[in-house]
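Residue numbering restarts at 1 for every chain, and letters A, B, ... go by the order of the sequence lines. All values derive from a computational prediction rather than experimental measurement. Below, each value reflects all heavy atoms present in this structure, side chains not excepted, and no hydrogens, waters or symmetry copies.
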Amino acid sequence: MNEFLDWFVRTLASAYVVYTLVGVGNAIIERSGVLNLGIDGLFMLSASLAYTYAIQMSSLIQTGFLAVGISLLLTAATTALLYSLFMVLNTVLPISQGAIGLSFMFVGYGLAAIVGNIGRLIFSLQRVRIEYISITHV
Amino acid sequence: MVKISLVITKRYKRTIIESTPVILMGSLLTGLVMSYLIIWATVGLDPLSFFTTFYQTLVSYTGLLESLLFLTILGTAISIAFYGSYWNVGAEGQYVLGMLGAIYVVMFSPLSGFLSGNDLVSAAVLKLAAILLGGALGALWSLIPGLIKVFTKISEIPIMLLMNYIAYSLSDYLTAGPWKGRYTYGYIRTDMISESARLTVIPGLETLRYEVVIAAIVVLVSIYLILDHTLLGLKIKFLGTNPTALKSSGFDERKVTVSVATISGFIAGLAGAMRLLGYDYRLPYNIGDGKTGFYGYTAILVAWLSFRDIRFIVPSAIIVSALSSFGYRIQMSLKGLLPPGISAYAFSQIFIGTTLIVYTLTRITKEFSVKLVIRR
């Protein structure tokens, strides 16, 4: 029984939380009458963003809990910004909602594959700069 | 105080610049330039090699035509379903069922033993039977969510999405179990279908088959005629735009939904059967792992890009197939230019997405005039 519970919590519960959050988020958009087909791409992008922010924050803030919280908030804010752009396009202009949603999905996939690397580049640049500063101080 | 507003009005008079081909080409070119600018800003690819690659993609049209034909057939299937607000996202599953039907007829049915001769007539009858059974199975697969929608008012979209996975698993079960091939060098897959059951290759165009070309034209024209010139087409359009009007004029909307589901599934199954008889020749194991080419899902994009207009299916299929094959080609030319860790795949996805967004946005100027009004 304990093994089963362990397996259950490890595999199902984590996916359950994710699916619930995505489902609630998507339900809000679909309730407003906008067809949201871009959710998969933006979901991947937000995962990538969360990773990037977490690395950035952990190099800036030493408290782990605070770093995770701030990076989650930043991810939510960025995704909200992207979605508000998506909704403005969908509601102001008489365009095909399905086409624009699927296009956003492609852009999301592409950006998701790049964002982490851009973050890594910035991170390595920062480290260089910090070393430089420390050398001049010595 | 400055007041900025966006005024969008429907056009009534058309000038030459606003005609359809100009708008289509203009939107596509704008999209290309925009996505080139993104790639240029990040990795600095020179414009010559970018646009030469695009030109080469268009010139080497044989590979393009293959996906174009399948996207046309499947896009038409999905479009007619969208007309009748039957949201057919299950074309992928219907396509797989079409493959199953076709391979059953040409390899395992009593008919295949009966018509095993090499003469033209029996081969033609066998192929026709395989394609028809593929279509019928696709129609049945589409009827299940259709009937559930009609009788219980449960949305067909989640049912169809899940049934796609059932179709994949059904195919895998048959490939690994009862239909497992004997001459497969240890791979799990079915045997190849016999030479006489394969579709006819067009001489000089090795990626094309006569039957597929004919089917694409027949499907496109007949669906266009059904929608614009028959009572059924009128009812389908009514169902999509104003179901209350359809009901109050005495028609049974449930019958219309069922017929839309049948037609749409039949065409998608037809495409799957033709894919198997003309290109794949066998069923692979783990078919859901990209081995169908995800045509059933890509065709949804084609249907959306056509803006629910059957005449725009072919242009949008051209755009989608050209963009995806250009995406592959640009990956090759970007390979040496990218910093380590950044994949060319990302750029091809961004390229496709940006081009399509700009295309979708600028295309509205065909029907609407957009003006930015600044008042003081």
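The line from CD1 of B/Ile80 to OG of B/Ser264 is 7.5 Å long, rounded to the nearest 0.5 Å. The structure places CG of B/Asn242 at 14.5 Å from NZ of B/Lys237, a figure rounded to the nearest 0.5 Å. Here OG of B/Ser316 is found 6.0 Å from OH of B/Tyr359. Values are rounded to the nearest 0.5 Å. If you take OG1 on B/Thr360 and CG on A/Leu89, they are separated by 9.5 Å, rounding to the nearest 0.5 Å.
Heavy-atom pairs under 4.5 Å with chain A were tallied for B/Thr355, B/Thr354, B/Leu361; the largest tally goes to B/Leu361.
Contacts of B/Phe326 classified as ring-ring contact (aromatic ring centres under 6.0 Å, His included), with partners at least two apart in sequence or in another chain: B/Phe50, B/Phe54, B/Phe351.
The two residues B/Ala268 and B/Gln94 have their closest heavy-atom pair at CB-OE1, 3.5 Å.
In this pair, B/Tyr95 and B/Phe70 present their aromatic rings perpendicular. The plane angle is above 60°, beyond the 30 to 60° band. Below 30°, between 30° and 60°, or above 60°: for B/Phe294 and B/Tyr297 the angle between ring planes is between 30° and 60°, a tilted geometry.
Using non-hydrogen atoms only and a strict 4.5 Å limit, the part of residues 91-109 of chain A facing chain B consists of A/Val92, A/Leu93, A/Pro94, A/Ile95, A/Ser96, A/Gly98, A/Ala99, A/Ile100, A/Leu102, A/Ser103, A/Phe104, A/Phe106, A/Val107, A/Tyr109. Interface residues of residues 67-81 of chain A toward chain B, defined by a heavy-atom distance below 4.5 Å: none.
Within the structure, the ring-ring contact (aromatic ring centres under 6.0 Å, His included) test picks out no pair touching residues 20-44 of chain A (sequence neighbours left out).
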